[in-house]
Structure formats: C-alpha cells, structure tokens
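What follows is a short report on a single structure.
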Protein chains: 2
Amino acid sequence: MHGITRCDMCQVRREGICAALDDDARAQLLQISRRRVLAAHNVIFRDGDEADHYFSITSGIVKLVKTLADGHQHIIGLVHQPGFMGQTLNRRHTYAAESATGVELCSYPRAPFDAFLKTHPELERQIFEMTVRELDVCRDWTLLLGRKCSYERVAGFLLMMARRMPKAEGQVSNTVHFELPFTRAEMADYLGLTLETVSRQFSRLKKKRIIALPSSRDIIIPDIELLSAVAQIESCSSAFDEGQSRAIA
Amino acid sequence: MHGITRCDMCQVRREGICAALDDDARAQLLQISRRRVLAAHNVIFRDGDEADHYFSITSGIVKLVKTLADGHQHIIGLVHQPGFMGQTLNRRHTYAAESATGVELCSYPRAPFDAFLKTHPELERQIFEMTVRELDVCRDWTLLLGRKCSYERVAGFLLMMARRMPKAEGQVSNTVHFELPFTRAEMADYLGLTLETVSRQFSRLKKKRIIALPSSRDIIIPDIELLSAVAQIESCSSAFDEGQSRAIA
DNA sequence: CGGCCAGTTGACGGACCTCAACTGTAGTGG
DNA sequence: CCACTACAGTTGAGGTCCGTCAACTGGCCG
C-alpha cells in the first residue's frame, strides 16, 4: 500500500519505540517524523532550548551534556541506539544533546506526537519502559560516581561499552574488541574525573593486561570477566596490589 | 455509596498517583490496595526480593539503598511523598527500600495493578510522568556526585531538603526551618562522602552563618538564596575563601 | 553512674587534581 | 619532502581534598 518506506531499512525497527507498533501505526507515525543524519559532534538541542521535539535514536550514541559556569562539561547520560529522548515535563531542556558518534535519528514534533500517543497506549508503554530502564542505569551510575575510585570507574565504563557492542555471530569467547568513540576528556566528563586520571587508569589497565591498546581508541578486552571483576572491586587500595587481591577488612 | 474511605483522609489524594483518578477509579483501586504504616528504619523490600508489589508513598521519605560487599551502604535515591515505587522491568529488585522517616504507603500486588493500569491509561501516564521527574532528579544528582566538592554537596543536599519542606501559609521570607530526618552517616551514604566529612561541612556552613544548628538535626537556613549560591559554586577552592569569592580563572 | 550512640574535631596519608613537559599522529602548505 | 601547526594522549611533580583512624563530647536510657 505504501510501497517501501525508510522504516523497512531501519536497523532498529524491531527494537526501540517502533517495536511497539504494527505496520499501520508505524506508517502513520512516519508521516510526522523527520529523518536526520548527523556526523559526530553535532548539536541536537541545546541547554535551555524549547523542548518541542522527541527523538528516536536509530543509530549511534548521543551525549547528554551540562556545561558548568567554568566551562567544564559534565556528561549526565549517554543514549545508545535504540533510544528515545525528549521526555521531559519542563518546557525547556535542562541539558544539551549532541552526537558522540555518527547518529541517525527520527525527530517528531511534540504536539502531533503527543496526540499520537493518546491513541496508541502501547507506544506510551514502550517509552515508559525505556524510561524506567534509563532510571535504573542512572541510579547505578550514582553508585559508580559516589563510591568508586578512578580505576574502577574507568573499568566500569569500558565494561558498559563492551556490553553494548553487538556480539559477532555465535560469539562465545570472552574477548571483545571495539573502537572507542570517545576522547579521554569525554570519558573524564562522564566519569567525574580529569582526562589525565583517565589516561593513567588506561595505562594501568594496559600494564596489568586487563586491556590491550593497539592504538589509543582501539580497545581489546582479552577476558571480559577479568574486567568485570576490576569494575566491582569495593576497596580502592586493593586495586593497587599487583597480582593478589587483599581481603577486605 | 462506599461511605467514608481512608482515601478521604489521605494527605496526597490530590497529588501522586491518585491525582490521575476519579472517585470511582480510586475506589476500585482501593479494593486491591493494602495500607501500611511504618516507623522509621523499617524495610519495605530487600535487594533481591521479588518485585511483586507497587507502592504509593503517601507520607514520609523512603531510602533506596544498595549494600556493598564491604558493608558500606550507598543511597541511590530518596522517594518523598507523594511518590511511587516498584516500576522495574526486572523480576527482582536491585536495591532495598526502607523508611527513612515514619512512612505511610499503599501497596498494590503487581498483577491486579498491571491489569488496572491497562484499563486506566491516565494512571499509567501519571506514573510515567513521575518516573520522568525522577530521572531528571537522578541526572542532576550525577552532576553533584561527579563534579562537586564536599562543601557544595552538603549545601546541595540541605537545599533539596529545604525546598521539599511544605511552606507555611503565605510564607515569603527566605528563612527555612526544619528537622533533618537523617543521621550524618545517612547523608554521607547519599552524598558519596564519609560521616566525618559531612560533619565538617556542617561545621563550616555553621561557622559561615549559612545555616544555624540549635541541635544537630535542627536546621535553620536564614537565607536560602545564600545556601543556593554555595551549592552552585563550581570552583571548589573558592568555597574556602573566607568572605570574598574569587573570580573563576 | 555507666553504656551506648550520634556527632565533632584533630592528625595523617593517599587518591586525585593541577600544571607542565613531552610524544605521536594527522593535516597543511611551502 | 619537510617544516609547522594542532590536537589527542601520556607521564611526572607537587599540592590538596577527603578518607581513615582515633579521641572526645553530649544526650539518652536503664
């Protein structure tokens, strides 16, 4: 009836918000959507902008950023594909969003999307569930920021990235290999550290052979279980024992 | 038809989840709800428990707590009245909930509540909005934990508490007076600090006359704007200049 | 009174920040 | 081809904020 739409090519049409919709509803939503393809480091919206659009991330990673008065940035969240942004009760955004990698997204003007939501409770349900998941992730992050030392934070970050990497077919090995789409400074802004500290912890992880770094963005994790153990250490000093881990007092 | 129900006495029936419901629907929901009244420091659910109930907090404050392997606790969130808990996609809770103050709540078994939700999208919408708000709060908290020094964190915490205090009738002054329902250790667990550091920052705030402490739990904030300024400082060292604040380089 | 707990304060050390120098890589243009 | 620049990243030296350990105070209750 509609012929081929861009939805048919979409990587995430069986995930994300569209997973909740049947073909008809998706075609209807398509009417009010606008496709955007962004290179890395482009602004999607700014802190203080009118929150007049919703966004469905179909490819890539988006940074949610607060800029402090002294110019420092803090990344309060990452939205990976398939993701959704724009749920807020405020009239204006309280943080900025920019593409961390190349990003593809569908944007929806607020008013017609809200109207569509009213007639499609299954979509609202889906967005609700995605929001609940984000809240869980955010709460876990407060634990990392509040209670972990720099070594554990960096390990935790790499672990999160590794777990989000699509597994190769029939992948069973513990080895993960991926390219980091972030600078040391960006990771620092996310981890509540400085870029120097992040770099030092990379060096430490490398020295202990928990990761290998063919180049600075090229991460090989020989054994993800090992990395996971490092990320969960709860006594900071034990991270500094070479080899044996000390019992916790 | 039903005569007087306990909902008629409820402080928050015009807020929280019940605000979304008309009298009939509320009466219906009442059928599956169970009222619980808890003193401070009682467990509502434990980390790892089956997530088989939802909870609507009608009075008091609930702590969401993760216990680490070394016995330390971290408070990942507070739920104030009117609040809602239990939205999770996991079969089991990933943190514990316990009353921080005296708490009154309505609990709803998961299955019938979910069924009720299906027929009352306005309630789902309400819970969704409350979840979005919590996500916003949680993201702001990551900024505090990731980028603020102990002085700012304690100020930020007091500011949050002060803002949640119900204003007296026609209150226009900048003065706020309330009783803290937390020990220094609990605040430390929330702020990612130690109880000693929290205590030191209380002393500092007191010495600078930003707060007054008739007793250790009795907080008087003479000028909330002043406290707000302290909480938003973005250069840590400037917090230590007595009197003048240094320009940020 | 004595025990217990919350809270305060001090001394000290360590993890992380700041400042700085240096390396490596990529892009530009003579 | 080789400066020259620009930027990401690494590494070191030194200072400081905060955690650890400890002693002390004050209130409460049996």
Side-chain angles (χ1 to χ4, degrees), chain A residues 40-41 68 70-74 100 144-155 179-189 191-207 211-219 233-241 246 248-249, chain B residues 40-41 68 70-74 100 144-155 179-189 191-207 211-219 233-241 246 248-249:
Chain A
H41 312 299
L68 309 180
D70 61 0
H72 279 127
Q73 295 202 322
H74 182 70
L144 180 140
L145 292 175
R147 287 286 168 227
K148 303 211 166 180
C149 68
S150 61
Y151 187 56
E152 299 161 357
R153 289 191 206 189
V154 171
E179 193 179 338
L180 254 191
F182 298 102
T183 64
R184 302 290 186 261
E186 285 177 310
M187 289 184 273
D189 288 342
L191 294 167
L193 299 169
T194 59
L195 67 93
E196 293 94 332
T197 299
V198 171
S199 178
R200 278 184 248 270
Q201 304 316 319
F202 265 87
S203 299
R204 188 195 299 278
L205 287 165
K206 183 177 164 188
K207 194 167 147 207
I211 63 172
L213 286 172
S215 78
S216 66
R217 302 289 192 92
D218 209 15
I219 311 287
I233 292 168
E234 267 140 20
S235 156
C236 210
S237 52
S238 68
F240 293 81
D241 298 345
R246 185 163 46 183
I248 293 159
Chain B
H41 312 299
L68 307 180
D70 61 359
H72 278 128
Q73 294 201 324
H74 182 71
L144 181 141
L145 293 175
R147 288 283 168 228
K148 303 211 168 182
C149 69
S150 61
Y151 186 57
E152 297 161 357
R153 290 191 206 189
V154 171
E179 195 178 338
L180 253 191
F182 298 103
T183 64
R184 302 290 186 259
E186 285 176 310
M187 289 184 272
D189 289 342
L191 294 167
L193 299 169
T194 59
L195 68 93
E196 293 93 334
T197 298
V198 171
S199 179
R200 277 185 250 271
Q201 303 317 318
F202 265 87
S203 299
R204 186 195 302 277
L205 287 165
K206 183 176 163 188
K207 195 168 145 205
I211 62 172
L213 287 171
S215 79
S216 66
R217 302 288 192 94
D218 210 15
I219 311 289
I233 291 169
E234 268 139 19
S235 156
C236 211
S237 51
S238 69
F240 291 82
D241 297 345
R246 185 165 43 186
I248 292 159

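All chains are named by letter (A, B, ...) in the order of the sequence lines, taking the proteins before the strands, and each is independently numbered beginning at 1.
Here C:dT18 presents its P atom at 11 Å from CG of A:Leu193, a figure rounded to the nearest Å. Rounded to whole Å, the distance from CZ on A:Arg147 to C1' on C:dC16 is 16 Å. Atom P of nucleotide D:dC18 and atom CD of B:Gln201 are separated by 6 Å, given to the nearest angstrom. What separates CZ of A:Arg204 from P of D:dG12 is a distance of 12 Å, to the nearest Å. One interatomic measurement links the two molecules: CG of A:Asp189 to P of D:dG9, which rounds to 12 Å at whole-angstrom precision. Counting to the nearest Å, the C1' atom of D:dC17 and the CG atom of B:Leu145 are 16 Å from each other. Straight-line distance from the CG atom of B:Asp218 to the P atom of D:dG27: 14 Å, rounded to whole Å. The distance from atom CG of B:Leu191 to atom P of D:dG19 is 10 Å, rounded to the nearest whole Å.
Taking 4.5 Å as the limit, every side-chain heavy atom of A:Phe182 sits out of range of all side-chain heavy atoms of A:Val198. In this structure, B:Glu186 and B:Leu195 have side chains that are not in contact, with every pair of non-hydrogen atoms separated by 4.5 Å or more. Proximity of A:Ile219 to A:Leu213: side-chain heavy atoms (C-beta onward) are separated by under 4.5 Å at one or more points. Considering only heavy atoms from C-beta on, B:Thr183 comes within 4.5 Å of B:Arg217 through its side chain.
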Check nucleotides 5-9 of chain C for protein N or O atoms closer than 3.5 Å to its own N or O atoms and list the pairs.
from  : atom 1 : to       : atom 2 : distance (Å)
C:dG7 : OP1    : B:Arg217 : NE     : 2.6
C:dG7 : OP2    : B:Arg184 : N      : 2.8
C:dT8 : OP1    : B:Arg184 : NH2    : 3.2
C:dT8 : OP2    : B:Arg184 : NE     : 2.7
C:dT8 : OP2    : B:Ser199 : OG     : 2.6
C:dT8 : O5'    : B:Ser199 : OG     : 3.2
C:dT9 : OP2    : B:Ser203 : OG     : 2.5

Pair A:Thr197-A:Val154, side chain to side chain contact (heavy atoms under 4.5 Å, CB included): steps then yes or no: CA-CA 9 Å; A:Thr197 299; A:Val154 171; over 6 Å; no

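The two atoms that bring B:Arg147 and A:Leu193 nearest to each other are NH2-O, 3.1 Å, heavy atoms only.
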